[in-house]
Amino acid sequence: MFQILASHFIKGEDVTDPKVREAYGSLCSIVAIFANLICVVFKVLMGLLVHSTAIVADGINNLTDAFSNIASLFGFKLGSRHPDSEHPYGHGRYEYLSGMLIAVVILVVGLLTLYESTMKIVHPEAITFTWPALIVLIVSILIKFWMYTFNKKTGNLISSDTLHAAAQDSLNDVLTTIGSIVSLIFSPLTTYELDGVIGVVVSVVVLKSGVELLKDTMDNILGKKPDKKLVDEITDAMLSYDGIYGVHDMMIHDYGPGRRYLIAHLEVSADSNILDAHNLIDGIEEDITKKFNIFTTIHMDPIVLNDPFTNELHVEVEKILTTINPQLSLHDFRVVKGDHTKLIFDVLLTGKEDKHQVDQRLRKAIKELDPNYECVIQYDYPFV
């Protein structure tokens with residue numbers, strides 16, 4: 001069904017094109033709005049008819065889903081706008097902001113339905129079983145599972161965290177609606193306040209999904225650590241070029257879907273022709289940008305490869321660093337010879353050790369190699 005709609009309303013197949021991506025996201029949001037509103041009307045009416053707080057809570061949860069879909073729609077529309085003088089990195093984070101708004105709405109409604117369900121336990125009211133109510137809930141499950149399917153597939157297609165969240169929310173709704181069915185069937189058969197208890201469970205599921213969604217969107221806005229698989233693939237791709245001897249100081253900035261920026265330092269031989277090295281770096285930038293759909297900027301670091309003295313010192317300092325902490329590494333190693341030989345290099349910390357203690361031990365051990373060695377050390381923290 002969704003594929004039929006997509007074939008009629010979406011022009012183009014390149015999902016990396018912001019307009020095509022927006023079209024997919026907007027279509028998903030619009031379809032979900034109408035589907036959720038249908039569920040809201042029938043669930044709330046049937047819940048009031050049979051006096052079931054669980055069913056009404058389930059219906060109100062679908063209403064929050066509709067509001068979430070509206071927020072997603074605006075997120076896709078605003079996020080696809082082109083960069084301007086005030087926002088040179090584009091507007092992609094509007095999608096993350098819409099996800100945050102969705103999370104807040106879900107949390108508010110979860111708390112309200114939790115209160116209503118608790119009151120139902122304190123002041124119970126008899127539930128009346130009706131076949132129309134049961135049919136409405138079963139149809140709702142089918143609708144929600146269909147929504148889960150197209151949101152999940154489209155989310156994978158256009159790499160959208162918002163649609164992935166919508167898919168998970170739809171799957172949660174399937175589970176909570178099953179709870180409403182249990183309440184409708186079994187509450188009239190027992191004196192135990194089953195409806196209120198199930199309503200509490202539904203509310204807790206809603207609150208849990210809201211907390212998880214809020215955490216995910218906050219991570220995206222604050223700048224979370226990029227996926228290790230992506231980092232490894234980019235690193236391997238860069239090292240596959242002849243003339244590249246190392247990769248370090250890699251940073252990936254996420255300004256919204258399709259708006260990622262990569263900065264990396266690549267090591268080349270200090271003996272290489274500067275124009276050849278520059279052309280090599282330009283080619284790598286272009287290839288990485290196309291292959292991974294990420295805007296790439298590379299800094300070229302020349303390293304000495306054919307000086308035995310520098311190479312031996314490099315190995316010695318690496319051994320010292322390993323004795324301090326095997327997880328530490330160094331890069332940009334240079335030696336300036338003179339009366340007091342300078343060792344200039346960067347150390348990559350893990351973020352867990354005491355930098356001051358590492359620095360003291362490292363300098364002391366290097367002085368023991370030769371008192372005339374002076375160290376110029378820059379400490380870095382991993383961004384990927």
Side-chain angles (χ1 to χ4, degrees), residues 32-33 35-72 97-130 132-134 136-138 140-141 143-144 147-148 165-218:
I33 289 169
N36 276 313
L37 289 177
I38 290 171
C39 292
V40 170
V41 172
F42 285 103
K43 282 184 182 180
V44 172
L45 286 177
M46 287 299 170
L48 294 174
L49 182 65
V50 301
H51 309 295
S52 171
T53 302
I55 297 177
V56 172
D58 197 6
I60 293 174
N61 181 36
N62 292 153
L63 182 60
T64 66
D65 294 340
F67 282 119
S68 299
N69 299 140
I70 293 172
S72 297
L97 290 174
S98 70
M100 183 183 294
L101 178 60
I102 292 170
V104 171
V105 171
I106 289 175
L107 289 173
V108 171
V109 173
L111 290 172
L112 291 175
T113 54
L114 179 63
Y115 173 79
E116 292 296 331
S117 299
T118 304
M119 290 298 100
K120 186 66 182 289
I121 295 174
V122 177
H123 305 290
E125 187 176 358
I127 294 178
T128 305
F129 173 83
T130 66
L134 179 61
V136 164
L137 293 178
I138 292 174
S140 173
I141 287 176
I143 292 174
K144 280 294 181 177
M147 291 171 62
Y148 162 77
Q168 184 59 52
D169 196 33
S170 295
L171 191 60
N172 289 343
D173 290 342
V174 170
L175 300 177
T176 56
T177 304
I178 290 174
S180 297
I181 290 177
V182 172
S183 173
L184 179 67
I185 295 174
F186 292 102
S187 287
L189 305 178
T190 179
T191 56
Y192 185 72
E193 185 40 56
L194 186 62
D195 182 61
V197 172
I198 292 177
V200 169
V201 173
V202 170
S203 301
V204 170
V205 171
V206 172
L207 288 170
K208 181 175 180 293
S209 66
V211 170
E212 291 174 349
L213 180 55
L214 183 61
K215 180 182 180 302
D216 288 342
T217 53
M218 286 292 293

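Please read these numbers as outputs of a predicted model, since none were measured by experiment. Just so you know, these numbers use all the heavy atoms, side chains as well, and skip hydrogens, waters and symmetry mates.
- K43 has its side chain out of reach of V56: every pair of non-hydrogen atoms, C-beta onward, lies at least 4.5 Å apart.
- Taking 4.5 Å as the limit, some side-chain heavy atom of K144 sits within range of a side-chain heavy atom of N36.
- Atoms CG and CE, on D216 and M100 in that order, are 11.0 Å from each other to the nearest 0.5 Å.
- How far CG of N62 is from OG1 of T177: 6.0 Å, rounded to the nearest 0.5 Å.
- Proximity of M147 to I143: side-chain heavy atoms (C-beta onward) are separated by under 4.5 Å at one or more points.
- D173 contributes atom CG, which lies 7.5 Å from atom OG of S140 (distance to the nearest 0.5 angstrom).
- Residues L45 and F42 are not in side-chain contact: their nearest non-hydrogen atoms beyond the backbone lie 4.5 Å or more apart.
- The local environment of CE in M218 is sparse, with at most 12 non-hydrogen atoms from other residues, nucleotides or ligands closer than 6.0 Å.
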Please tabulate, one pair per line, all N/O donor-acceptor pairs under 3.5 Å involving side-chain atoms of residues 200-207, not counting sequence neighbours.
from: S203; atom 1: OG; to: T113; atom 2: O; distance (Å): 3.3
from: S203; atom 1: OG; to: T113; atom 2: OG1; distance (Å): 3.0
from: S203; atom 1: OG; to: L114; atom 2: N; distance (Å): 3.1
from: S203; atom 1: OG; to: G199; atom 2: O; distance (Å): 2.8

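- In this structure, CD1 on I70 lies 4.5 Å from CD1 on I33, to the nearest 0.5 angstrom.
- Paired with L137 under the rule side chain to side chain contact (heavy atoms under 4.5 Å, CB included), one option of I178, I185, I181 passes, and it is I181.
- Within the model, atoms CG of D65 and CD1 of I60 stand 12.0 Å from one another, a figure rounded to the nearest 0.5 Å.
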